[in-house]
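Okay, so here's the structure we're looking at.
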Amino acid sequence: MRNEVKALYLKFAGGNFYLCIMAKKVIAIDGPAGSGKSTTAKLVAQRLGFVYLDTGAMYRAITLKALESGVDVNDEEKLEKLTKNSVISFGNKDGVNRIWLDGKDVTERIREPHVDRNVSYVSVHKKVRRILVEMQKRMGEENDLVAEGRDTTTVVFPHAFKVYLDADLKERAKRRLLELEEKGIQTTLEEQTGEISRRDKLDSERQASPLLRDKDAVVVDTTHLTIEGQVDRVIQLFQKESARSLR
Ligand code: DC
């Protein structure tokens, strides 16, 4: 593991110039929908005092904006323009991680089913990805962070500590069903199994930055793990690797 380099600068002290390197720590977590990435990444970030970066939320925000402004999710040029003209920011309000798009809080709206259904079409576009990846890299240069998504280990943060979370399709569909039910959204296990396997296929077979298991990533299968178990495992692995790379 190498840390992301934040800045190189010259420091003058005691009559001499020193070259200083400030490095930021990044944990990158990828995996398919429902593998437990979001919950795990959020809690790992909280426990380590790192910033939490939900890259999927950024693709969702752009999808929401496209749907609301009538931009075709297959029109790459228009989506590129729309993405360039978007301001996305993250923050924490009353202990809840929130996302703002062009100054409006869209935390709940980006999780609605019509965004679920369309986000994989928006995220295939290279020109959209280029802009969002640039924003993500900048955040990694400025903060110690835990990033989660589909290409954070392979494209966005190639020098991070990398984790690939996975779980059985049935277990992932069950988790998504519970999540939606808690929000009062009516759906079935069958519907969610279909929806998740459709998104798995689109995410892993697309040309631009498909979901891949990076060869350096440690794989954590969460099918039989509790949330606490997943968080502990990732933190243990990260601390072990940090200690090893200091030796
Ligand atoms: O993790 P999620 O379900 O919120 O992600 C929403 C969609 O965004 C998902 O279908 C794949 C896409 N995505 C992506 O292409 N690259 C990322 N780094 C994160 C998400």
Side-chain angles (χ1 to χ4, degrees), residues 26-42 45 52-67 73-74 76 79-80 83 86 88 90 97-99 101 106-140 145-158 160 162-167 169 172-173 175-180 183 185 187 192-214 217 222:
V26 177
I27 300 178
I29 305 180
D30 284 336
S35 57
K37 286 185 313 283
S38 302
T39 323
T40 307
K42 240 179 258 173
Y52 163 60
L53 171 60
D54 177 358
T55 60
M58 298 171 82
Y59 291 95
R60 286 173 177 273
I62 297 302
T63 305
L64 177 71
K65 185 165 171 177
L67 294 174
V73 293
N74 298 305
E76 182 163 14
L79 286 170
E80 180 189 25
T83 310
S86 298
I88 298 176
F90 290 94
N97 292 297
R98 309 206 70 86
I99 175 167
L101 170 69
V106 291
T107 312
E108 278 79 28
R109 283 161 57 215
I110 61 164
R111 304 282 160 197
E112 286 174 5
H114 68 301
V115 176
D116 268 352
R117 281 193 299 273
N118 285 284
V119 63
S120 285
Y121 299 109
V122 170
S123 59
V124 295
H125 301 300
K126 275 195 185 130
K127 292 179 176 172
V128 171
R129 302 196 71 85
R130 200 177 310 137
I131 300 166
L132 295 184
V133 165
E134 206 40 58
M135 290 185 202
Q136 293 155 14
K137 281 181 185 286
R138 226 175 301 133
M139 288 179 70
L145 59 83
V146 182
E148 57 116 335
R150 303 296 190 285
D151 61 347
T152 67
T153 56
T154 52
V155 176
V156 191
F157 299 114
K162 304 171 185 187
V163 179
Y164 187 91
L165 282 195
D166 209 351
L169 174 64
R172 294 191 282 127
R175 291 175 186 171
R176 195 43 61 100
L177 178 72
L178 280 175
E179 210 178 281
L180 291 171
K183 289 180 189 151
I185 296 169
T187 174
Q192 285 315 304
T193 310
E195 178 60 27
I196 286 192
S197 62
R198 187 184 68 83
R199 279 175 52 200
D200 279 357
K201 192 166 153 60
L202 283 168
D203 293 346
S204 52
E205 290 179 0
R206 70 176 177 223
Q207 265 199 329
S209 308
L211 169 66
L212 290 172
R213 212 175 273 195
D214 186 88
T222 69

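Side chains are part of it too, since the values below use all heavy atoms of this structure and drop only hydrogens, waters and symmetry mates. Remember, it's 1-based here, ligands and their atoms both numbered in the order they're listed. What you see is a predicted model, and the numbers here were worked out from it, not measured in a lab.
- Between the side chain of Thr153 and the backbone N or O of Ala28, no donor-acceptor pair lies under 3.5 Å.
- Side chain of Arg175 to main chain of Gly34: a donor-acceptor pair is present (N/O by atom type, distance under 3.5 Å, no hydrogens or angles).
- For the residue pair Thr63/Asn118, the side-chain donor-acceptor check at 3.5 Å is not satisfied.
- Under the rule for a side chain to side chain contact (heavy atoms under 4.5 Å, CB included), the partners of Lys201 that lie at least two apart in sequence or sit in another chain are Glu205.
- Taking every heavy atom of both residues into account, Asp203 and Arg150 meet most closely at OD2-NE, 3.2 Å.
- For the 3.5 Å distance criterion, the side chains of Thr154 and Asp214 fail to qualify, holding no donor opposite an acceptor.
- At a heavy-atom cutoff of 4.0 Å, ligand 1 is surrounded by Lys37, Thr55, Gly56, Tyr59, Arg60, Arg111, Val119, Ser120, Ser123, Arg129, Gly149, Arg150, Asp151, Arg199, Asp203, Arg206.
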